[in-house]
Amino acid sequence: MKSRYLRAVEEIAQQLLAIARSQGWEIAEDAVLVQPPSEPGHGDLTSNLAFRLARVARRPPQAIAETLAQNWPEHPVADAPEVGGAGFLNFRLKTLWLAAVVDEVLEQGPQYGNSEEGKGRRALLEFVSANPTGPLVVANGRAAAVGDTLARLMEAAGWQVEREYYVNDAGNQIQRLGQAMALRLQELRGQPVAVWPEGVYPGAYVRRLAERWLAEGRPAAAEVEELGRWAAEVLRAEQEEELLRFGVRYDRWFSERGLRESGACEAVLSQLRAAGWLVEEEGAQWFLSTHWGDDKNRVMVKSDGSWTYFVPDAAYHADKLARGYDLLIDLLGPDHHGYLGRLKALVQALGYPEDRLEVRIVQLVRLVRGGEPVRMSKREGEFVTLAELVDEVGVDPARWFFLERAMDTPLDFDLDLAQLRTNENPVYYVQYAAARIKSLLRSAEAPSQTYSAAELVEPEERALLLGLARFPEVVAEAARERAPHYLPRFLTELAGDFHLFYRRHRILNAPGTLAAARLALARAVLVVLERGLGLMGISVPDRM
RNA sequence: GUCCCCGUAGCUCAGUGGACAGAGCGCGGGACUUCUAAUCCCGGCGUCGCAGGUUCGAAUCCUGCCGGGGACACCA
């Protein structure tokens, strides 16, 4: 079902078009723009139609706007618009029409905000996919929050979404993890390692794994490969556990090892070769990705016969493509930026439309404490893990701050701000609004069933009604534009509108049936706050 | 050198074709005998990096330049 807000937009646009036609002004339907005003004071909805008609009508926008306004008939959605600026039409929605949103929200409950935009199409969302060679770090946390909320948003917008984690549990890095294990075991036997080899994971967590290896009664001298495989699985399981604590659950953990063992790598190579996109040159085999716009061709089989990392990755994507989703989304870290071209090329070389795969870059996270960036060095094995961050600030603030910025812009995460329990911290500001409403509901007598939402005419009440009406469209847009950061913005505004309403007006002991109407409004606001925070994976406390 | 992201209020950032450019924080004042003051109200804060161009209209689109960050392996 279409949102009330969207219906208002369409009905006003239709009515405007009809008036224009009656004046003999023809214009393409999609040229009519009805949208929220850039600032309050310009009504609830505004239209620029007069500007668009200026050329056709050969009259100034102001005069056209006057004509359109004067011919506005009695209409259930809005009164005749006011003409503002140089020809904007500012509409005020009818209270009766707007107030009906309260019942709509209360009837739909936790479903309110859903739309059919996705039309049941299937999407596969792959995110985080960190190597199982260490704990998840803060940047992985951002990808986790963004990916998970994007999945929830798309589900709300009518998509079927699967969440997948690609586990790089084979290859070189697992070899190095095995070496690190072997060295730590050597240390535990009392033989210090003089020089730690380049590229072998220096992190102290490997020592913990080595100790566990011994504690579980395994031999101190073991094959590097076996050590690597064992450690990778332990670390992967720990990552899964940490993500669950962070509120992120995957539908599938896809193993690179399994992929390699299935022969998928050979298969994708021969498929590309057969199609003529993989050719031999200077002893190596090159993927002709430049044909599809990549910067340069890419080696897949090195001159020594071994594969580059791109081979299993190509096999993985071929697998995902073959599974028949309508859309694949990869959330990658900024270090994979250079990867985008060859992935897009691969999709097309395998015979799929270019837009079947959508690659999004989730930008870096910089932790800031006391106004200074926290030093992190992966090289030294010193980095802040997701677990440490969550221990310090909690899941709710962590998710909020990760989701607050557009995913493709670098994020400064203010550790001090995230821990403040005051109005400076937007998480609590929104949660507090919800807690206040819950408190209100606890104090309320059994709600009288009869009220008229048309009594809600105060400006503070209208602001809330408008917010409620807009919510489904906010969700749909956030899903469509892959922009989870619309949620915290919207919720902060709605919470602010509620706090203001609450300070200015009595609810429970308002006169007559107004009390019931206001209580219903408050309940509807709570429904939307809960849904919005739920989409962000943030809790809604009963008391604060 | 090529590619990507960013440059908007003191700070952190919204806003990608519409009205005199917005929010939060910070700063200064004020509001609880009444449903949660983790709240609310009032106040100042701008060469939208620079220069051209397109448009009735540009922070937004195009071109060039400047500044910051990142990516550009027969590594993974």
Please determine if [X] and [Y] form a salt bridge, counting it only when a charged side-chain N lies under 4.0 Å from a carboxylate O.
X: A:Glu66; Y: A:Arg59; value: no
X: A:Arg92; Y: A:Asp44; value: no
X: A:Asp294; Y: A:Lys344; value: no
X: A:Arg260; Y: A:Glu256; value: yes
X: A:Arg369; Y: A:Glu392; value: yes

Taking any heavy-atom pair under 4.0 Å as a contact, classify [X]: base, sugar-phosphate, or nothing.
X: A:Asn90; answer: base
X: A:Ala54; answer: nothing
X: A:Thr492; answer: nothing
X: A:Ser303; answer: base
X: A:Glu493; answer: nothing
X: A:Ala435; answer: base

We want to know whether [X] and [Y] form a side-chain donor-acceptor pair, criterion being a heavy-atom distance below 3.5 angstrom.
X: A:Gln285; Y: A:Arg273; answer: yes
X: A:His317; Y: A:Asp330; answer: yes
X: A:Gln431; Y: A:Asp396; answer: yes
X: A:Glu460; Y: A:Tyr502; answer: no

By nearest atom, which of the nucleotides [options] is closest to the [X] side chain?
X: A:Arg442; options: B:rA76, B:rU36, B:rC13; result: B:rU36
X: A:Asp412; options: B:rU12, B:rC74, B:rA76; result: B:rU12
X: A:His499; options: B:rG70, B:rU39, B:rA76; result: B:rU39
X: A:Ser443; options: B:rU36, B:rC74, B:rA19; result: B:rU36
X: A:Leu440; options: B:rC35, B:rA76, B:rA19; result: B:rC35
X: A:Arg176; options: B:rC75, B:rA38, B:rA14; result: B:rC75
X: A:Arg436; options: B:rA76, B:rU39, B:rA14; result: B:rU39

Taking [atom1] from [X] and [atom2] from [N], how many angstroms apart are they, rounded to a whole number?
X: A:Asp414; N: B:rG24; atom1: CG; atom2: C1'; value: 13 Å
X: A:Gln179; N: B:rC75; atom1: CD; atom2: P; value: 16 Å
X: A:His337; N: B:rC75; atom1: NE2; atom2: P; value: 21 Å
X: A:Tyr502; N: B:rC32; atom1: OH; atom2: C1'; value: 11 Å
X: A:Leu500; N: B:rA31; atom1: CG; atom2: C1'; value: 13 Å
X: A:Tyr432; N: B:rA37; atom1: OH; atom2: C1'; value: 6 Å
X: A:Leu332; N: B:rA71; atom1: CG; atom2: P; value: 14 Å

**Study point:** Side-chain donor/acceptor of A:Arg482 to backbone N/O of A:Ala479, under 3.5 Å
**Key:** yes
Practice item. Taking A:Lys320 for its side chain and A:Leu357 for its backbone only, find out whether a donor-acceptor pair lies under 3.5 Å. Key: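 Judged by distance alone, no pair lies under 3.5 Å.
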Check your understanding: Among A:Gln239, A:Glu126, A:Arg236, which residue meets the side chain to side chain donor-acceptor pair (under 3.5 Å) test with A:Tyr165?
Key -> A:Gln239
**Study point:** Base-pair map of RNA chain B as dot-bracket, where | denotes pairing with a different strand and pairs are Watson-Crick or G-U under 3.5 Å
**Key:** ((((((((.[[[[.)..(...]]]].(((((.......))))).....[[[[[..)....]]]]])))))))....
Take atom [atom1] in [N] and the same atom in [M], then report the distance between them in whole Å.
N: B:rC61; M: B:rC48; atom1: C1'; value: 16 Å
N: B:rG18; M: B:rG26; atom1: C1'; value: 32 Å
N: B:rG46; M: B:rA9; atom1: P; value: 10 Å
N: B:rG24; M: B:rA38; atom1: C1'; value: 15 Å
N: B:rC3; M: B:rG17; atom1: C1'; value: 27 Å
N: B:rC41; M: B:rC32; atom1: C1'; value: 13 Å
N: B:rG29; M: B:rG70; atom1: C1'; value: 45 Å
N: B:rA23; M: B:rC42; atom1: P; value: 11 Å

Exercise for review: Could you tell me whether the side-chain ring of A:Phe88 sits stacked on the base of B:rA19, using a centroid cut-off under 5.5 Å and a plane angle under 30°?
Suggested key: yes
Check your understanding: Quick one, which residues of residues 287-302 of chain A touch RNA chain B with a heavy atom under 4.0 Å?
Key ->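 Residues of residues 287-302 of chain A that come under 4.0 Å of RNA chain B are, in numerical order, A:Lys296, A:Val299, A:Lys302.
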Revision key, fill the gap. Residues in residues 504-511 of chain A with a heavy atom under 4.0 Å of RNA chain B, by number, are A:Arg504, A:His505, A:Arg506, A:Ile507, A:Leu508
Practice item. May I ask you to check if A:Arg298 and A:Trp286 form a cation-pi contact, with NZ or CZ under 6.0 angstrom from the six-membered ring centre and within 45° of the axis? Key: no
Would you say [N] has OP1 or OP2 under 4.0 Å from some side-chain N or O of [X]?
X: A:Tyr429; N: B:rU36; answer: no
X: A:His485; N: B:rG15; answer: yes
X: A:Ser439; N: B:rU36; answer: yes

Check your understanding: Are A:Trp400 and A:Tyr429 an aromatic pair by the rule of ring centers under 6.0 Å?
Key -> no
Pairs: protein N or O with nucleotides 56-60 of chain B N or O, under 3.5 Å:
residue, atom, partner, partner atom, Å
B:rC56, OP1, A:Arg55, NH2, 3.1

Practice item. To the nearest 0.5 angstrom, please state how far the CG atom of A:Asn172 sits from the OG1 atom of A:Thr133. Key: 11.5 Å
Check your understanding: Hey, what's the ring geometry for A:Tyr166 with A:Tyr316, parallel, tilted or perpendicular (30° and 60° as the breaks)?
Key ->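 Ring orientation of A:Tyr166 relative to A:Tyr316: parallel.
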Exercise for review: For the residue pair A:Phe490 and A:Phe471, categorise the inter-ring angle as parallel (less than 30°), tilted (30 to 60°) or perpendicular (more than 60°).
Suggested key: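 It falls in the tilted class, 30° to 60°.
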Check your understanding: Would you say the side chain of A:Val138 lies within less than 4.5 Å of the side chain of A:Thr385, judging by non-hydrogen atoms?
Key ->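 A side-chain contact is absent here, since even the closest heavy-atom pair is not under 4.5 Å.
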**Study point:** Contacts of A:Asp169 that satisfy salt bridge (Lys or Arg N to Asp or Glu O under 4.0 Å) - sequence neighbours left out
**Key:** none
Check your understanding: Pick one for B:rC62: is it syn, with its angle within 90° of 0, or anti?
Key -> anti
Please write out each protein N/O paired with an N/O of nucleotides 5-7 of chain B under 3.5 Å, distance rounded to 0.1 Å.
residue, atom, partner, partner atom, Å
B:rC5, O2', A:Asp408, O, 3.1

